[in-house]
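Down below is the structure, laid out as structure tokens.
All residue numbers in this chain count up from 1 along the given sequence. All ligand and atom numbering here is 1-based and tracks the order in the structure.
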Amino acid sequence: MNNPIELPQAVTGRHKMTASEAFVETLVANGVKDVFGIVGSAYMDALDLFPLAGIRFISVAHEQGGGHMADGYARVSGRHGVCIAQNGPGITNFVTSTAAAFWAHSPVVVITPETGSATIGLGGFQETEQLPVFSKITKYQAHVNNRVRMAELTARAFDRAHLELGPTQLNIPRDFFYGDIECEIPRPMVIERGAGGERSLDEAADLLAGARFPVILAGGGVVMANGGAEAVALAALLQAPVCNSYLHNDSFPATHALWCGPLGYQGSKAAMKLIAKADVVLALGTRLGPFGTLPQHGMEYWPKQAKIIQVDADAKMLGLVKQISVGICGDAKAAAQALIARLSGRTLACHGNRDARLAEVKAEKTAWEAELDGWAHEKDAWSLDVARDSAYMHPRQMLRELEKAMPDGAMVSTDIGNICSVSNSYLRFDRPRSMFAAMSFGNCGYAFPTIIGAKVAAPERPAIAYVGDGAWGMSFGEIQTCVRENIPVTAVVFNNGQWGAEKKNHVDFYQNRFVGVNLDKQPSWAAVARAMGAEGVTVDKLADVGTALRAAAAAQRDGKTTILEMMVTRELGDPFRRDALALPVRHLAKYRSTAADRG
Ligand SMILES: Cc1ncc(C[n+]2csc(CCOP(=O)(O)OP(=O)(O)O)c2C)c(N)n1
Ligand SMILES: [Mg+2]
């Protein structure tokens, strides 16, 4: 584990205590300060102890939001995020947030009080089997099968969340919170990860020493390992350009001369053009997920001939998606240090052509910035048509203005949607733990609750969520949490009046036959925000975007949550995946008119 927690004041030695006390003291031993959830009778005996244990219970609007908050909290702090709810429906509301945390590799402990052990199976109130539903979306499931094991199993759920880099479940039949036991509260286990095997590190160093165009692909593992400085040092040693892996724009500082930007959907052309030239790629702390290297901007950029060195803390990820030459099972920070040690003082082939390579890096970056500056709007027929008579802003220009006004140290979460995806080109960070995208699970409604959790863990940092209006309809209820619990954040809601990302598929594949994609008769989201006790501002002019964002971020210091409703045209950027859809084929006469080849 790379983020040692300062060990707090849990009771030491063997004591008589109730199972609730054992549970709460184990939370204390693990440094838990905040728990997200909705109150429920199932765990009331433990909840009663939270205030005296120094644990804040953050009462949310919906358990899914609470689960995402725990995720955001964990991602920004590197510490456990914790959520809890009522047995049955409270727990099933955690399913989506747990799946999202699974694919974000977040150490979230999902506490799931269960129906009473004496009546389980009888079909009583709020009963469902709670282990099967989470079996594929957690790294470990602890079931308290006897109250005497409360502390042991609670502690294990916390240890495994760090050890296995993902959510764990702690399932507790509700009657097991009651009754006396005698136990000792286990201390958290801090397992240090190493750099990887000596032989694979030697092989990797040899490959890098001989490389003429090495490129580093910095992934989320660099962030999770707190290995930012080591990634920078390794890049400097090799004088190698660095790409961010998809949705990890905070894995390498954007102000660094060697930074090239993100690969993948709506990523940086400079990054893609440069990695295409690589003869050796060091994939540092990335599983090389299937969506991370999808062709973009009409480019197949993955260098199929290059030697790939992959470093991942999870051995099962090595070579899973992309063929590799060397797999290193190790911590990204420790592996980078070990490679630096092996390469320092050696003759490196890439130093021979260093000036030419650096000139290429600079030229590609300059060209991409110029292209972005000139890319005021989308240019496909649909977009030109809908934007022509619109009084609203072009999404790309609005995103560029947000980028320019982004406050120092900002944390930004992004949702799933067309405009959020386009924002990938305009999100740059100088410090790790700054970008919290809805990762591979890709659920709409992720960004807003996630940034609320991040703000709880890092109250001094500006917290900003990018959310499409459709996803906002799913998640705006958590404004209540911001107001009630005094957690000031900013949500930037992109009002294009449509479920845009899906509408793009109708445009590209279904000849504009729209079903269920128009969000007509929406309320004014700014007015809704005001009615809920937050600030609400409607922005429809480009010139006002930066001022509005700066004011909203500043208002966080006064405890105010602001919803900025950005009025944008209905134009749509490139889709996420063209590969996953096909033109419609119809055989039945009734449906012939919808066939792509209708004559
Ligand atoms: C929970 C969930 N439901 C449905 C989807 C499918 N989906 C992906 S993107 C999208 C549209 C998002 O619309 P909006 O939030 O308005 O953003 P926009 O695309 O308009 O920018 C939908 C419905 C999803 N990813 N997650
Ligand atoms: Mg929309």
The reported gap from OG in S475 to CG in N443 (rounded to nearest 0.5 angstrom) is 10.0 Å
If you have a sec, work out which protein heavy atom is nearest atom 23 (C) of ligand 1 and how many Å separate them, to one decimal? W499 CE3, 3.3 Å
Is any N or O atom of C420, backbone or side chain, closer than 3.5 Å to an N or O atom of ligand 1? no
I would like to know whether E401 and R550 meet salt bridge (charged side-chain N to carboxylate O under 4.0 Å, His left out); could you show each step before the answer? CA-CA 11 Å; E401 292 303 310; R550 274 188 288 267; over 6 Å; no
Protein contact of atom 6 (C) of ligand 1 - nearest heavy atom, named by residue and atom, plus distance: E502 OE2, 3.2 Å
Looking at N418, which atoms of ligand 1 are within less than 4.0 Å of one of its heavy atoms? 18 (P), 19 (O), 21 (O)
Euclidean distance, T569 OG1 relative to R396 CZ, rounded to 0.5 Å: 11.5 Å
Among all protein heavy atoms, pick the one closest to atom 3 (N) of ligand 1 and tell me residue, atom and distance. M474 CE, 3.8 Å
Identity and distance of the protein heavy atom lying nearest atom 21 (O) of ligand 1: I419 N, 3.0 Å
Taking ring-ring contact (aromatic ring centres under 6.0 Å, His included) as the cut-off, I'd like each qualifying pair that reaches into residues 403-434, sequence neighbours left out, listed once. none
Does an N or O from G417, backbone or side chain, lie closer than 3.5 Å to an N or O of ligand 1? no
Relative to the ring of W525, is the ring of F476 parallel (under 30°), tilted (30 to 60°) or perpendicular (over 60°)? tilted
Taking it one step at a time, do Y73 and R79 satisfy side chain to side chain donor-acceptor pair (under 3.5 Å)? CA-CA 8 Å; Y73 185 97; R79 305 200 315 270; 2.8 Å; yes
Is there a donor-acceptor contact under 3.5 Å from the side chain of E485 to the main chain of I58? no
Report the relative orientation of the aromatic rings in F514 and W382; use parallel for angles under 30°, tilted for 30 to 60°, perpendicular for over 60°. perpendicular
With the threshold set at under 4.0 angstrom, would you say G442 reaches ligand 1 through any of its heavy atoms? yes
Would one find an N or O of L519, backbone or side chain, under 3.5 Å from an N or O of ligand 1? no
Could you identify the single nearest non-hydrogen protein atom to atom 15 (O) of ligand 1 and state the distance to 0.1 Å? A471 N, 2.9 Å
Counting non-hydrogen protein atoms only, what is the nearest one to atom 5 (C) of ligand 1? Give residue, atom name and distance. C444 SG, 3.8 Å
Closest approach of any protein heavy atom to atom 14 (P) of ligand 1, naming residue and atom: G470 N, 3.6 Å
Which ligand 1 atoms, with their elements, are less than 4.0 angstrom from a heavy-atom of G500? 13 (O), 18 (P), 19 (O), 20 (O)
Hey, can you tell me if Y446 and H68 have their rings parallel, tilted or perpendicular (30° and 60° cut-offs)? perpendicular
Counting backbone and side chain alike, does N418 bring an N/O/S atom below 2.8 Å of the Mg ion (ligand 2)? no
N496 and ligand 1 - part of the residue with a heavy-atom distance under 4.0 Å: side chain
Could you please compute the angle at the Mg ion (ligand 2) from OD1 of N496 to OD1 of D469, rounded to 10°? 90°
Short question: side chain of T538, backbone of A526 - any donor-acceptor pair under 3.5 Å? no
Any idea which atoms of ligand 1 are less than 4.0 Å away from a heavy-atom of N443? 26 (N)
NZ or CZ of K139 within 45° of F102 ring axis and under 6.0 Å: yes
